[in-house]
Amino acid sequence: MKRNVVAFLSKENVALEDVQDKKKQFSTHQKDSEDDLILCLSSHYGKAEWASLFSDYEISSSHFDQKSVKGAFFVKVDKRYVIFTFGHGRSLIDKSSIERGFGLRVSMNLGNPEQLKSIDKSTLDKVARNTRSQVALNSGIQDFDFEFDHEILKSITAIVSSGDEDLEMVSGNDSVSLYTEIEASKFKEIAERLVDAYFSDKYKEKYPWAEFIGLESDPDIIEQLEAELIKRFKSNNTDGFWLAPPKIIDYENFSGFVYSTRSIKNNAPCKHPELKLEAFLAEAPFKSKATINIATLKSKTISLYDGNDQHIESIRFFDSLNGELEKNGLKYVLNDGRWYHIKQSFAHDVESYFDNLPRWNGFEDKPYRDRRECCYLRRVADNEQIAVLDQHWIRQKSVAQNYEFCDLFTQCNRIIHVKHYGGSSVLSHLFAQATMSLEMMLNCPEVIPQIKEHLEETYISFDFSPSESRVHKIVLAIIYPRSGELNIPFFSKVNLRHRARDMQNKGFTVELAKIPVDNLALQNISTKSKCACKAKTAKCTKSLTDLG
């Protein structure tokens, strides 16, 4: 009989009672005293949860009685247990005792890489976005629009054999689901097969990029990383860690970050225009170094205040903390409150690309000392060497939406996009804006006259034809509050490489620029200062993009 069987794998040398969840009640059953084949069962009696919908009917309550049974079948293979689960049997397992990623590795080793049915992936430029891609006909990874240089493979579903009689299908992440011929006598054989597949290295040939980036879910490794993190904080050694906003900040209505709840209670919040780890630790210290633990790190928050000195919201300190650690030959990255493991060769390639990307020093003598980004852009624009295009709207034909082509445009044909420094999810908006701008240049001829009109009152001209050689350079400029060379979170470097390569392949030069911050001048700016910057739409926009 063919059916789906779901299995987990325990860690090595873990006792049976440690694999079982001690908080759950269950009965244990063995056949012929075989200690390597153990079935655990748990039953629950209750009413169907939808029974109350029909309370007005004259129906005996016994008709709504139901019994649910869940089971976990433990099969010992060498020094591990393969646990087959039935119903909600996974709830009988202690999750800290299982091998994370077991199902994904088994699926990659058993499945045919040219017979994939679906993949689950997570995109790094917006880490929280998880997607599933499916195809009508079984196909290879190349047909799933999976880009290994900035996406994480979380699960695959694949055909194991193409023969109709022997057809099997496998999928998984932490657990593995195998559609196969099954009967009681075959569990031992299947368990051994799954363990062999888990320890096989075939997947490295089939999917050579599979271990480049991965969300770390092994609780033991996470515990070790958190222990190292706590050790760093206790010894005041926070080199390699920094704070960055985990979300987009509306700087148009923002007066600062506040670290200390004490200053808030005293109605005298000390506001900071930029996030700095050193300032946070000075103003929101831990009660004592001895009491620092991961719970205290995760419990601390940072408050955001608007231009009227009103509290907007709070963000978690731990979600804002970024950093990198190395352990056992792997680089681990803390980003948006999660740990990721990075293969060293991949990390080296990404870091090398970032280091070798050309820098433009056009902002070295133009530090940021303004309350808002728009004010800075208008201050540095002189309409001779630099023109401002921030909030100068353009539209695509038949699309009723305003777009910002770029923030600044220079006489030397530099198209400049500017954003405040932040976490990887923040900087992804900067890279996406630059990509969108190029797409419009290349594919939407109606935007060119609109850009030209916005530049009419300047000494700067804009001429572009998709068929001519590229003369424009794309500058990604970051308002950077830290001293020293420009550096960004690792996942921002991954996303930057992906986006910049795409622009370079279209013939454009991509440059990075650091906009230094004059923190002293910034502290003296009134938080209640009003902004006179205004948006502008080209007169020719309507005739070029009229939806009618």
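Throughout, residue positions are numbered sequentially from 1 according to the sequence presented. For clarity, every value in this text was computed on a predicted model and none was experimentally measured.
- Counted within 6.0 Å of CD on E223, heavy atoms from surrounding residues, nucleotides or ligands total 12 or fewer; the atom is thus considered open.
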Walk me through whether H29 and S27 qualify under side-chain hydrogen bond (donor to acceptor under 3.5 Å, both in side chains).
CA-CA 7 Å; H29 309 269; S27 60; 2.7 Å; yes
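- Note: I83 CD1 to I98 CD1 = 7.5 Å, rounded to the nearest 0.5 Å.
- One side chain, E168 or T180, offers a donor N or O that lies under 3.5 Å from an acceptor on the other.
- Crowding of E12 atom CD: a count of heavy atoms from other residues, nucleotides or ligands under 6.0 Å exceeding 12.
- Under the 6.0 Å distance and 45° angle rule, R501 counts as a cation-pi partner of Y353.
- The only option from L178, V176, T157, L116 that meets the side-chain contact (heavy atoms from CB on, under 4.5 Å) definition with S107 turns out to be V176.
- L275 CG to L321 CG: the interatomic distance, rounded to the nearest 0.5 Å, is 11.0 Å.
- Judged by distance alone, with hydrogens and angles left aside, the side-chain atoms of S97 form no donor-acceptor pair with the main-chain N or O of I93 at under 3.5 Å.
- T435 places a side-chain N or O within donor-acceptor distance of the main-chain N or O of F431, the cut-off being under 3.5 Å.
- Atom OH of Y203 sits about 9.0 Å away from atom CG of L104, to the nearest 0.5 Å.
- Figure legend: cation-pi geometry between K298 and F318, with NZ or CZ positioned under 6.0 Å from the six-membered ring centre and within 45° of its axis.
- Nearest heavy atom pair, residue K70 against residue G89, reads CB-N, 3.7 Å.
- Not one N or O on the side chain of K419 forms a donor-acceptor pair closer than 3.5 Å with the backbone of L476.
- Remark: R105 is positioned above the aromatic ring of Y198, its terminal NZ or CZ atom under 6.0 angstrom from the ring centre and at most 45 degrees off the axis.
- Crowding of D78 atom CG: a count of heavy atoms from other residues, nucleotides or ligands under 6.0 Å not exceeding 12.
- For E313, the salt bridge (Lys or Arg N to Asp or Glu O under 4.0 Å) criterion is met by K247, not counting sequence neighbours.
- Results of the ring-ring contact (aromatic ring centres under 6.0 Å, His included) test with F212 over F346, Y207, Y340 single out F346 as the only residue that passes.
- Both cation-pi conditions hold for K493 and F354: the charged atom is under 6.0 angstrom from the six-membered ring centre and inside a 45 degree cone around its axis.
- Of all the heavy atoms in F233 and L281, the pair that sits closest is CE2-CD2, 3.8 Å.
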Evaluate Y332 against L225 for side-chain contact (heavy atoms from CB on, under 4.5 Å), listing each step before the verdict.
CA-CA 8 Å; Y332 291 90; L225 294 171; 3.6 Å; yes
Set out, in order, the CA-CA distance, both residues' side-chain angles and the distance that settles side-chain hydrogen bond (donor to acceptor under 3.5 Å, both in side chains) for T85 and H88, then state yes or no.
CA-CA 7 Å; T85 59; H88 293 284; over 6 Å; no
Start with the C-alpha gap between T28 and F74, add the side-chain angles, then the distance that decides, and say whether side-chain contact (heavy atoms from CB on, under 4.5 Å) holds.
CA-CA 10 Å; T28 302; F74 296 80; over 6 Å; no
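- Across W50, Y45, Y57, a single residue satisfies ring-ring contact (aromatic ring centres under 6.0 Å, His included) together with F64, and that is W50.
- For F187 and F73, the distance between ring centers is under 6.0 angstrom.
- Annotation for E17: atom CD counts as buried by contact number, over 12 foreign heavy atoms lying within 6.0 Å.
- For K202 (side chain) and L110 (main-chain N/O), no donor-acceptor pair under 3.5 Å exists by modelled atom type.
- Proximity of a side-chain donor or acceptor of S171 to a complementary backbone N or O of I156 within less than 3.5 Å is not detected.
- Interatomic distance, OH of Y259 versus CD of E283, reported as 7.0 Å (0.5 Å rounding).
- A salt bridge links D220 to K11: at least one charged side-chain nitrogen sits closer than 4.0 Å to a carboxylate oxygen.
- Side chain of N173 to main chain of G101: no donor-acceptor pair is present (N/O by atom type, distance under 3.5 Å, no hydrogens or angles).
- Two rings, from F257 and H272, have their centers 6.0 Å or more apart.
- Using a distance-only test at 3.5 Å, with no hydrogens or angles considered, no donor-acceptor pair links the side chain of S352 to the main chain of D349.
- Expressed to the nearest 0.5 Å, how far CD1 of I221 lies from NZ of K327 amounts to 9.0 Å.
- Look at D94 and K22 and you find no salt bridge, because none of the NZ, NE, NH1 or NH2 atoms lies under 4.0 Å from a carboxylate O.
- Minimum interatomic distance between W242 and G323 (heavy atoms only, all atoms of both residues): CZ3-CA, 4.1 Å.
- Residue V82 comes nearest to A7 through the heavy atom pair CG1-CB, 3.9 Å, listed as atom of the first residue, atom of the second, then distance.
- Ring to ring, F8 and Y81 are not that close: their centroids are 6.0 angstrom or more apart.
- Residues passing the salt bridge (Lys or Arg N to Asp or Glu O under 4.0 Å) test with E439, sequence neighbours excluded: K506.
- Tested against D36 for a side-chain hydrogen bond (donor to acceptor under 3.5 Å, both in side chains), the candidates Q30, K76, K188 yield a single pass: K188.
- Taken from CD1 in I479 to NE2 in H420, the straight-line distance is 4.0 Å, to the nearest 0.5 Å.
- Of the residues listed (R232, K231, Q224), the one engaging E228 in a side-chain hydrogen bond (donor to acceptor under 3.5 Å, both in side chains) is R232, and it is the only one.
- At a threshold of 4.0 Å, the pair K331-E324 counts as salt-bridged, since one of the basic side-chain nitrogens sits closer than that to a carboxylate oxygen.
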Can L92 and S42 be said to form a side-chain contact (heavy atoms from CB on, under 4.5 Å), step by step?
CA-CA 8 Å; L92 303 178; S42 177; 4.0 Å; yes
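- Side chain of N495 to main chain of F491: no donor-acceptor pair is present (N/O by atom type, distance under 3.5 Å, no hydrogens or angles).
- Looking at R100 and E216, no side-chain N of the basic residue comes within less than 4.0 Å of a carboxylate O on the acidic one, giving no salt bridge.
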Evaluate W339 against V333 for side-chain contact (heavy atoms from CB on, under 4.5 Å), listing each step before the verdict.
CA-CA 6 Å; W339 290 99; V333 172; over 6 Å; no
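- Between the side chain of N236 and the backbone N or O of K234, no donor-acceptor pair lies under 3.5 Å.
- For S10 (side chain) and R80 (main-chain N/O), no donor-acceptor pair under 3.5 Å exists by modelled atom type.
- Between F317 and F280, the ring-plane angle classifies as parallel under the 30° and 60° cut-offs.
- Heavy atoms from other residues, nucleotides or ligands lying under 6.0 Å from CZ of R482 number more than 12.
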